[in-house]
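The next block holds one structure in the form of structure tokens; read it before the comments.
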Amino acid sequence: MNFRIYQPATSLAPYVKQYYHLQTSNNGLINLPQNLFSLGDLYMVFLQEGEVIFQPTQHASFTLPEASVVGHFTCHHQIRVKGPVKMTVIQLNAYGCYRLAGLDMSAFNNYFRDLLKQDRECWKDLADKIASATDVTKLDAVLDDAFTNMMCSHVHNLKQVDVIADYIIDHQGYTNVERLTKKFKMSRHTLERKFMEVIGLTPQLFARMLRFRDAMRNMQQMNVEEWQTFITNNDYYNQALFIQDFLFFKGEPPVLNQETAIAQMPVARPVAVA
């Protein structure tokens with residue numbers, strides 16, 4: 001398996017976070033690197049060969065077309081990849097898809113949009129360039145050039161949602177709607193409507209997602225005894241809330257004992273495999 005990670009140009013920040021390229025000649029089901037599709041981000045997938053099937057626990061399964069956007073993942077999901085496979089994945093931040101593609105995100109959760117059915121030729125052009133790239137070590141330059149041109153030629157008004165989302169991210173989700181409406185001087189209805197259009201989540205669910213992600217990141221550094229203390233003494237979580245979120249986002253209840261804790265911990269971002 002050839003799995004590569006690229007850093008995009010700094011000028012694309014914060015919208016574009018990372019590029020991934022996966023290529024293998026193996027037949028049949030293939031295990032993707034863990035955490036490739038994670039909470040809180042959106043992903044563009046350009047598939048040149050193979051088949052990718054998503055199975056969210058709360059929705060029907062779907063097979064990705066040649067070029068698509070997937071996410072936000074608001075429930076546990078399984079991914080099946082049938083090889084041989086060749087695919088390129090672009091990791092976007094929460095509002096990166098709206099900024100680059102201008103898609104209304106309000107009916108997007110856990111599903112996908114076919115980019116080649118959108119009324120912009122740039123997606124077909126980019127899919128063709130990725131498919132024809134003969135040197136994958138220079139794939140980042142192809143992607144950087146394409147996304148830089150998109151950002152220059154299409155400006156989609158983020159409606160202040162980027163500022164609010166960054167505030168929630170800076171606070172790891174430890175905030176609430178009342179505080180947000182007061183700070184940013186808008187009604188609850190307006191805040192939720194704008195968030196759904198630009199990000200595809202309510203601010204409440206976005207904050208909940210970030211709190212859970214932060215809790216899992218902190219708990220990765222702890223032993224089981226510390227883990228149990230964390231979920232009982234945390235300012236946000238009690239054990240019941242943590243179990244509820246773990247079940248919602250991970251698809252199974254946590255088992256708080258030494259033998260199973262390590263298996264349930266989040267893993268670090270994958271490293272390139274040649």
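Counting from 1, the numbers follow the sequence of the chain as shown.
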(message) Exactly one of Y15, F46, Y20 should register a side-chain contact (heavy atoms from CB on, under 4.5 Å) with I90. Which one does?
(response) F46
(message) Is it true that D41 and Q91 share a donor-acceptor pair across their side chains at a distance under 3.5 Å?
(response) yes
(message) Please tell me whether R120 and H154 have a donor and an acceptor in their side chains that are separated by less than 3.5 angstrom.
(response) yes
(message) Could you measure the distance from the CE atom of M216 to the CG atom of L39? Nearest 0.5 Å is fine.
(response) 9.5 Å
(message) Listing request: all side chain to side chain donor-acceptor pair (under 3.5 Å) pairs with a residue in residues 182-195, at least two apart in sequence or in separate chains.
(response) E178-R188, S187-T190, R188-E192, E192-Q204
(request) Check whether NZ of the Lys or CZ of the Arg R213 lies under 6.0 Å from the centre of the six-membered ring of F249 and within 45 degrees of that ring's axis. (result) no
(message) Determine whether a donor-acceptor pair (N or O, by modelled atom type, separation under 3.5 Å) exists between the side chain of N149 and the backbone of D145.
(response) yes
(request) Over all heavy atoms of both residues, which pair between A165 and I199 is shortest? Give the atoms and the distance, please. (result) CB-CD1, 3.8 Å
(message) Please find the pair of heavy atoms, one from P8 and one from Q18, that lie closest to each other, and give the distance.
(response) CD-CA, 3.8 Å
(message) Pairing donors with acceptors under 3.5 angstrom, does anything connect the side chains of D166 and Y95?
(response) yes
(message) Quiz question: by atom type and distance under 3.5 Å, do the side chains of N109 and H72 form a donor-acceptor pair?
(response) no
(message) For F54 and F62, take the angle between the two ring planes, folded into 0 to 90°, and tell me which bin it lands in: parallel under 30, tilted 30 to 60, perpendicular over 60.
(response) parallel
(request) Starting at CG of D144, measure out to CG of L139 and round the result to the nearest 0.5 Å. (result) 9.5 Å
